[in-house]
Amino acid sequence: MTKYFTNKEISRLLEFISAAYEIKNEDKFRILAYQRAAVTIEHLNREVKDYYDEGRLSSIPGVGPSIAQHLDELFKNGDVRHFKEITKGIPPSVLEFINVSGIGPKTAFKLAKELNIWSKKNALDRLKKAAKDKKIEKISSFGKDTQDNILQALLRTRVESENIERMLLPYAYNLFQEIEYFLNKSQYIDEVKALGSLRRKNSTIGDIDLAIKTSNPSKAINYILKFPKIKKVLNQGNKKVTLLLRNNIQIDIRAQDPSEWGSMLQHFTGSKDHNIKLREFARKKGLSLSEYGIKKIKSNKLMKFSNEIDFYQKLGLDYIPPEIREDNGEIEAALSHNLPRLIKLKDIKGDLHLHSSYPIEPSHDLGKSTFEQMIKKANILGYQYLGFSEHNPSQNKHNEADFISILKDKRDYIDKLNYSSSKKYDIKIFNGLEIDIKPDGNLAIPDKALTYLDYAIASIHTNFNINNKAMTNRIIKGLSHPKIKILGHPTGRKIQKREAYEADWDKIFEFCLKNNKALEINSWPERQDLPDTMVKRAIEAGVLLVINSDSHRVNHMDLMKYGVYVAQRGWAEKKDILNTKSTTDIKKFFNLK
DNA sequence: GCCGTTTTCGGCCCGACTGTTTTCAGTCG
């Protein structure tokens, strides 16, 4: 009888084994191997259980014959004998403690032992109490400062566990701009740049990383410390400073000389996985990489780089855009000159998911801006077409005749609009609708009413918790009508609020490819749906995507850029995105004359 | 313990900062 373990549970288990090895002073490369396997599995976009069922556990990167065998045993028996032996004498509380910033395996073990905190339950609360009771400073090799730091870190860990966690990208970006504005006022700071996950345009951001270009780091850092929103300076040296702001956001700032600016950007942009892979690659060429440059290992000679392009070129690589530095094959592609030419915001020629205030008596929320206001904005954005796709009229308040009359009226209105606005703007207006896919897969609108539309988006807004097979069939059935051209916010996830629903995406991709349906990348910051990893999968499957803002008012139309970022992170090129195409091509895709 | 376009054996990313046992281990990114 096989047991089920989630990726997260397996990742935590391997992390615990790694910690146990570290506490026992085992070989550091074995520790590293477990750590790497844990991290890979945490970020895997398929279930480890699927690999097990296929007998391919060791095809997971970082999982070799030994770990594969242990995982095999885990799925078969529910536990692993070898793991039990290793973790013998290691308190489970250690796994809780190492989540606290500043506490690693060794410190965790010592705390657990000296304070006699064994079980996981309430481990952090008990640690906090010990710190408050000044028990930690009495342990040998610990002092008052360490005790204070642990207490402070525990208070922040608390916040994390309450799910306040990570910022959405726009929030992080606005905060960065505020800091940037302040820093740029200093005469000692030549340039300020967002690095880390912010520069890579991750959908969520933990800490804000940024760099300053300066020839006088100590003066520059003194200036930084005057930033008004600082609650606490977490650590401070000659080259970097870590701040905690009043909103509990952590800011890492790194100062570097202009001559080393390029290597520094590369180093601090990450991702960690990308950098590790890059340094391993460099090492094989006898080179060692750091934020200071590229060093020839034999001669110990350091080459400096003022820009990143030269840095990558020195390694024989094409310049890799920050958005795809995730160790997803970009280094190999850069070596063989096969990097994607990522889509840009200016490639976008229109927006096909807009909710106007047109009184359509919808099932969900109506937009707040008029057709005219949105067309005017589209003109400013340089768009060539727009698609209005309000939610379908509510089912329980309307009969078939009502549907037909409402949609016929909207058709007439749009036709007139196309005629009148064509004198003012060169923008084609498409008459769309966003239609609910009901739990049984039927559309929430009578067939006859669909004839008035140019196209429609089908979306799931209710009954998310059905099984994989039922959801897959529901989506495919919902997409089947010829007027349906787009699957809206396909996975249904809301970041930090709702998980994506279960579905067989390979099957859905295949259906879309065969039947000319596009999958949406919804730009709404808390959706960003499809997520980047799914974008990459969809593109590899050959499916066409469309980036939409899902605007409910005029200023939302500026959110398009966040959808473009997701597309970039998923390796999308212009050709992969429907709304980079001309009005004529869109008409063809909609089967219109 | 993992891994391979120099290798199936012999390597394995690199440096900053902190606190304390004051010379370096532990932790982090």
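What you see is a predicted model, and the numbers here were worked out from it, not measured in a lab. Numbered from 1 within each chain, the chains take letters A, B, ... in sequence-line order.
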Which nucleotide in the set dC12(B), dT18(B), dC14(B) lies at the smallest distance from any side-chain heavy atom of Ser290(A)?
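Selected nucleotide (nearest to the side chain): dC14(B).
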
State which of dG19(B), dC2(B), dG29(B) makes the closest approach to the side chain of Asp145(A).
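Taking heavy atoms from C-beta onward, the closest nucleotide is dG19(B).
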
Can you build the contact string for nucleotides 5-11 of chain B? Use B for base contact, S for sugar-phosphate-only contact, and - for no protein heavy atom under 4.0 Å.
-B-----

With B for base contact, S for sugar-phosphate-only contact and - for none (protein heavy atoms under 4.0 Å), nucleotides 23-28 of chain B reads ---SSS

Taking only side-chain N and O atoms of Asn149(A), does any of them lie within less than 4.0 angstrom of OP1 or OP2 on dG19(B)?
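Yes, because at least one side-chain N or O of Asn149(A) sits under 4.0 Å from OP1 or OP2 of dG19(B).
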
Between Thr146(A) and dT18(B), is there a contact of a side-chain N or O with OP1 or OP2 at under 4.0 Å?
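The answer is no; no side-chain N or O of Thr146(A) sits under 4.0 Å from OP1 or OP2.
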
Roughly, in whole Å, what's the span from [atom1] in [X] to [atom2] in [N]?
X: Met264(A); N: dG15(B); atom1: CE; atom2: C1'; value: 13 Å
X: Leu278(A); N: dC12(B); atom1: CG; atom2: C1'; value: 16 Å
X: Arg254(A); N: dC14(B); atom1: CZ; atom2: P; value: 15 Å
X: Lys277(A); N: dC14(B); atom1: NZ; atom2: C1'; value: 18 Å
X: Leu289(A); N: dG15(B); atom1: CG; atom2: P; value: 10 Å
X: Leu14(A); N: dC2(B); atom1: CG; atom2: C1'; value: 13 Å
X: Ile31(A); N: dC2(B); atom1: CD1; atom2: P; value: 14 Å
X: Arg200(A); N: dG29(B); atom1: CZ; atom2: C1'; value: 11 Å

For Ile276(A) and for Gly143(A), locate the closest nucleotide of DNA chain B by heavy-atom distance; then report the residue assigned to the nucleotide nearer the 5' terminus.
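Closest to the 5' end, via its nearest nucleotide, is Ile276(A).
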
Nearest-nucleotide comparison on DNA chain B, the residue closer to the 5′ end among Tyr292(A) and Lys144(A):
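Nearest nucleotide further toward 5': that of Tyr292(A).
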
Side chains of [X] and [Y] in contact at under 4.5 Å (non-hydrogen atoms):
X: Arg200(A); Y: Ser271(A); answer: yes
X: Phe182(A); Y: Tyr223(A); answer: yes
X: Trp505(A); Y: Arg537(A); answer: yes

Got a sec, which residues hit salt bridge (Lys or Arg N to Asp or Glu O under 4.0 Å) with Lys201(A), two or more places apart in sequence or on another chain?
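Listed in chain order: Glu323(A).
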
In plain terms, say whether Lys494(A) and Asp529(A) are close enough for a salt bridge, that is, a side-chain N and a carboxylate O under 4.0 Å apart.
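Looking at Lys494(A) and Asp529(A), the cut-off is not met.
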
Glu291(A) and Arg254(A) ion-paired at < 4.0 Å:
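Answer for the salt bridge query: yes.
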
Inter-nucleotide [atom1] distance ([N], [M]), Å rounded:
N: dC28(B); M: dT22(B); atom1: C1'; answer: 23 Å
N: dT20(B); M: dA25(B); atom1: C1'; answer: 10 Å
N: dC14(B); M: dT7(B); atom1: C1'; answer: 23 Å

Provide the Watson-Crick or G-U wobble partner of dG15(B), both distances under 3.5 Å; none if there is no partner.
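Here dG15(B) is engaged in a pair, and the nucleotide opposite it is dC28(B).
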
Proximity to DNA chain B (any heavy atom under 4.0 Å), residues of residues 229-236 of chain A only:
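Asn235(A), Gln236(A) - these, ordered by number, are the residues of the stretch whose heavy atoms sit under 4.0 Å from the strand.
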
Please list, in numerical order, the residues of residues 298-319 of chain A that have a heavy atom closer than 4.0 Å to any atom of DNA chain B.
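Output list: empty, so none.
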
Glu526(A): side chain to side chain donor-acceptor pair (under 3.5 Å) partners, not counting sequence neighbours:
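Counting only residues at least two positions away or on another chain, Glu526(A) forms a side chain to side chain donor-acceptor pair (under 3.5 Å) with Lys497(A).
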
Can you list everything that forms a side chain to side chain donor-acceptor pair (under 3.5 Å) with Ser203(A)? Sequence neighbours excluded, please.
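None.
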
Passes side chain to side chain donor-acceptor pair (under 3.5 Å), His337(A) versus Asp318(A)? Steps please.
CA-CA 6 Å; His337(A) 309 297; Asp318(A) 294 341; 2.9 Å; yes

Distance-only check: which donor-acceptor pairs under 3.5 Å involve side-chain atoms of residues 103-113 of chain A, not counting sequence neighbours?
{"unit_1": "Lys106(A)", "atom_1": "NZ", "unit_2": "Asn25(A)", "atom_2": "OD1", "d": "2.8"}
{"unit_1": "Lys110(A)", "atom_1": "NZ", "unit_2": "Ser140(A)", "atom_2": "O", "d": "3.2"}
{"unit_1": "Lys110(A)", "atom_1": "NZ", "unit_2": "Ser141(A)", "atom_2": "OG", "d": "3.3"}

Would you mind classifying the nucleic acid contact of [X] as base, sugar-phosphate or nothing, using non-hydrogen atoms under 4.0 angstrom?
X: Asp27(A); result: base
X: Lys239(A); result: sugar-phosphate
X: Thr242(A); result: nothing

For residues 183-198 of chain A, which residue pairs qualify under side chain to side chain donor-acceptor pair (under 3.5 Å), counting only residues two or more places apart or in two chains?
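The answer is Glu191(A)-Lys213(A).
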
Side chains of residues 61-74 of chain A: which donor-acceptor partners sit under 3.5 Å, not counting sequence neighbours?
{"unit_1": "Asp72(A)", "atom_1": "OD2", "unit_2": "Lys76(A)", "atom_2": "NZ", "d": "2.7"}
{"unit_1": "Glu73(A)", "atom_1": "OE2", "unit_2": "Arg81(A)", "atom_2": "N", "d": "2.9"}

Check whether Gln528(A) reaches the backbone of Pro525(A) with its side chain - one donor and one acceptor, N or O, closer than 3.5 Å.
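Pair found, side chain donor or acceptor close to backbone of Pro525(A).
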
Where does dT7(B) land, syn or anti, given syn is within 90° of 0?
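Syn.
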
Please list every donor-acceptor pair under 3.5 Å in which a side-chain atom of residues 236-247 of chain A meets a protein atom from a residue at least two apart or in another chain.
{"unit_1": "Lys239(A)", "atom_1": "NZ", "unit_2": "Tyr292(A)", "atom_2": "OH", "d": "3.4"}
{"unit_1": "Thr242(A)", "atom_1": "OG1", "unit_2": "Asp252(A)", "atom_2": "OD1", "d": "3.2"}
{"unit_1": "Arg246(A)", "atom_1": "NH2", "unit_2": "Pro228(A)", "atom_2": "O", "d": "2.5"}
{"unit_1": "Asn247(A)", "atom_1": "OD1", "unit_2": "Ile249(A)", "atom_2": "N", "d": "3.2"}
{"unit_1": "Asn247(A)", "atom_1": "ND2", "unit_2": "Tyr171(A)", "atom_2": "OH", "d": "3.4"}

Show the atom names and distances, to 0.1 Å, of all donor-acceptor pairs under 3.5 Å that link a side chain in residues 82-95 of chain A to residues at least two apart or in another chain.
{"unit_1": "His82(A)", "atom_1": "NE2", "unit_2": "Tyr21(A)", "atom_2": "OH", "d": "3.2"}
{"unit_1": "Lys84(A)", "atom_1": "NZ", "unit_2": "Asp79(A)", "atom_2": "OD2", "d": "3.2"}
{"unit_1": "Thr87(A)", "atom_1": "OG1", "unit_2": "Phe83(A)", "atom_2": "O", "d": "2.9"}
{"unit_1": "Thr87(A)", "atom_1": "OG1", "unit_2": "Lys84(A)", "atom_2": "O", "d": "3.4"}
{"unit_1": "Ser93(A)", "atom_1": "OG", "unit_2": "Ile117(A)", "atom_2": "O", "d": "2.7"}
{"unit_1": "Ser93(A)", "atom_1": "OG", "unit_2": "Trp118(A)", "atom_2": "O", "d": "3.4"}

